[in-house]
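Take a look at the structure set out below.
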Amino acid sequence: MEYSDIGIIAAWLTEQGLKGASEAELLTGFCNACCERGLPLDRGMALMDTLHPVHEGRAFRWDSREEIETEFEYGPSSEGAALDSWQRSAFYYLWAGEENEVRRRIGFGDPTDFVMLDTMREQGHTDFVAMVHRFAKAGTIGEMDCFFSHFATRHPEGFSDQDLIILRKLVPVLALAIKCIALARIARTIAEVYLGDDAARQVLEGKITRGKSERISAALWFSDLLNYTKISDSAPPEEILPMLNAYSDVVISAIHEAGGDVLKLIGDGVLAIFKGDEPADACCASLRAERLLRQKLKTLNDERALEGRPTTEVYIGLHIGDVFYGNIGSRERLDFTVIGPAVNEVSRIASMCRSVDLNVLMSSEFAATIPEGERGALACIGRYALRGVKRAQELYTLDTARIEI
């Protein structure tokens, strides 16, 4: 590779990073471009921590000969086999020390003292170099404080001095391009985790102006845990958060699997919406979520009962109506949510579950929207006045012999 090729590859990386190419595409294109111009790469890997509620980071791989998994997410490396593997890696050596580069000429007698180097030598690799590019505090987010990469060759003479000089000039450009894509991914993750998928999409599309909202018709879901206050007062303090997380998980996963969007968590309460091409589609989706939730609850409660932990149930209010969906708040602090009388009404319907000792109640509007052939699954429990709602209305529940919605 000539020094003049550095500018060509750097320009390609910059262009692809600006276009939004994936991290795996960037690494693959980079390695292929280097090979085409004479730099003898046979293996490449890039790794960077992220900010995610489940995954610690993402890694990307390239191989000149084998079809391999080009990208994967990894979990915590703080214990067990993952910790052992991390501590035996070249990346850990760099992270824990002051050096920014480490090299092992494994085909020429250098020790194979890092994880995977034995295997790489058996596969014919002769030279290995790992690098770390550290971020300043202003460029750090979460645990994403540096960019790791390693490269290996099968060339009989290993990497030349010129090969290493070129890598040192080009890898920072690769790091910057991958970091750009990773930051966009983190922004999406944070928005989805805290706002919900649909609200996150709208915010990331630019809908962040205070007071900007749209009027939509949606099926509304409001749920709470039965006797949560009593349980939290009697259970050991260390049990409360895990219990709340366990029950929140089954509620939220059921809503998501049925196509709903969770907009707000209020203690043990969950506010969600279901949208559809037709109002009946939205109502049927919310009832599918209810059915999924009951299945998940049974499994969870059986497990917790065997472990001697407190169990509970979820009561749900369902309604359909027009709401305003958008940004509400101050200039400095906004919430993307739904407002309107229908939101107040669905929370009151959910609260009524405790009074009538039923796990699910729905408004007459919701019941009337269900397809006519499926209303046999519903049973009217009478007319009730709801606190803060002007008119009394008939409420419905699910018949014990209900059909599948």
Side-chain angles (χ1 to χ4, degrees), residues 17-26 48-60 71-76 135 137-145 147 176-216 218-223 244-245 248-267 269-276 282 285-286 289 323-340 343:
L18 291 172
K19 284 182 177 179
S22 72
E23 299 97 321
E25 289 170 341
L26 288 168
M48 191 160 55
D49 282 352
T50 188
L51 184 61
H52 192 280
V54 177
H55 310 297
E56 185 173 288
R58 292 167 55 82
F60 317 96
E71 60 182 281
F72 60 91
E73 293 160 324
Y74 54 89
F135 306 152
K137 185 176 181 180
T140 295
I141 181 168
E143 296 298 318
M144 192 182 79
D145 57 359
F147 175 82
L176 186 59
I178 288 181
K179 181 183 180 183
C180 177
I181 304 306
L183 287 173
R185 187 186 303 277
I186 286 173
R188 287 195 299 273
T189 296
I190 293 173
E192 289 168 357
V193 167
Y194 285 96
L195 297 177
D197 291 349
D198 187 67
R201 177 184 58 79
Q202 298 205 45
V203 167
L204 292 173
E205 286 176 355
K207 297 180 181 179
I208 60 170
T209 304
R210 181 173 60 152
K212 188 168 185 175
S213 63
E214 61 177 320
R215 189 185 184 111
I216 64 170
L220 304 170
W221 163 302
F222 194 94
S223 61
L244 188 57
N245 284 336
S248 295
D249 185 60
V250 296
V251 173
I252 294 169
S253 63
I255 292 169
H256 285 169
E257 287 173 30
D261 282 294
V262 174
L263 298 183
K264 194 179 292 292
L265 305 179
I266 311 162
V270 176
L271 173 64
I273 61 171
F274 294 81
K275 297 188 291 183
S286 63
V323 292
F324 288 99
Y325 185 40
N327 291 292
I328 299 103
S330 71
R331 288 179 297 177
E332 295 83 16
R333 176 65 173 87
L334 294 172
D335 190 11
F336 202 100
T337 188
V338 289
I339 61 169
V343 179

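One-based numbering along the sequence shown.
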Sequence-distant partners of Glu73, side chain to side chain donor-acceptor pair (under 3.5 Å), two or more places apart: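 Counting only residues at least two positions away or on another chain, Glu73 forms a side chain to side chain donor-acceptor pair (under 3.5 Å) with His55, Arg58.
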Counterpart residues, side chain to side chain donor-acceptor pair (under 3.5 Å), relative to Asn327 (two or more places apart):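 Side chain to side chain donor-acceptor pair (under 3.5 Å) list for Asn327, sorted by chain: empty.
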Heavy-atom check, side chain of [X] versus side chain of [Y], under 4.5 Å:
{"X": "Asp49", "Y": "Tyr74", "result": "yes"}
{"X": "Leu195", "Y": "Gln202", "result": "no"}
{"X": "Val343", "Y": "Thr337", "result": "no"}
{"X": "Leu263", "Y": "Tyr325", "result": "yes"}
{"X": "Val270", "Y": "Leu265", "result": "yes"}
{"X": "Val262", "Y": "His256", "result": "yes"}

Residues forming a side chain to side chain contact (heavy atoms under 4.5 Å, CB included) with Ala177, sequence neighbours excluded: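 For Ala177, the residues satisfying side chain to side chain contact (heavy atoms under 4.5 Å, CB included) (neighbours in sequence not counted) are Leu26.
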Partners meeting side chain to side chain contact (heavy atoms under 4.5 Å, CB included) with Lys19 (sequence neighbours left out):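 Lys19 satisfies side chain to side chain contact (heavy atoms under 4.5 Å, CB included) with Glu15, Gln16 only.
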For residues [X] and [Y], report the shortest heavy-atom separation together with the two atoms involved.
{"X": "Val193", "Y": "Pro53", "value": "CG2-CG, 3.9 Å"}
{"X": "Trp221", "Y": "Ala289", "value": "CZ3-CB, 3.8 Å"}
{"X": "Glu71", "Y": "Ser22", "value": "OE2-OG, 4.5 Å"}
{"X": "Ala285", "Y": "Ala258", "value": "O-CB, 3.4 Å"}
{"X": "Ile339", "Y": "Ile328", "value": "CG2-CD1, 3.9 Å"}
{"X": "Leu51", "Y": "Gly142", "value": "CD1-CA, 4.0 Å"}

Residues in ring-ring contact (aromatic ring centres under 6.0 Å, His included) contact with Phe274, at least two apart in sequence or another chain: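 With neighbours one apart ignored, the set is empty.
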Residue pairs, two or more places apart or on separate chains, that pass side-chain hydrogen bond (donor to acceptor under 3.5 Å, both in side chains) and touch residues 181-197: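 For residues 181-197, and leaving out neighbouring residues, the side-chain hydrogen bond (donor to acceptor under 3.5 Å, both in side chains) pairs sorted by first residue read Glu23-Arg185.
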In Å, rounded to the nearest 0.5 Å, how long is the span from [atom1] of [X] to [atom2] of [Y]?
{"X": "Met48", "Y": "Ile186", "atom1": "CE", "atom2": "CD1", "result": "7.0 Å"}
{"X": "Leu244", "Y": "Asp249", "atom1": "CG", "atom2": "CG", "result": "11.0 Å"}
{"X": "Cys180", "Y": "Leu18", "atom1": "SG", "atom2": "CG", "result": "6.5 Å"}
{"X": "Leu271", "Y": "Asp261", "atom1": "CG", "atom2": "CG", "result": "11.0 Å"}

CA sep, side-chain torsions, deciding dist, call: Ile273, Val323, side chain to side chain contact (heavy atoms under 4.5 Å, CB included): CA-CA 10 Å; Ile273 61 171; Val323 292; 5.6 Å; no
Cationic tip of Lys179 above Phe147 ring, under 6.0 Å, 45° of axis: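 Geometry flag: not set, cation outside 6.0 Å or 45°.
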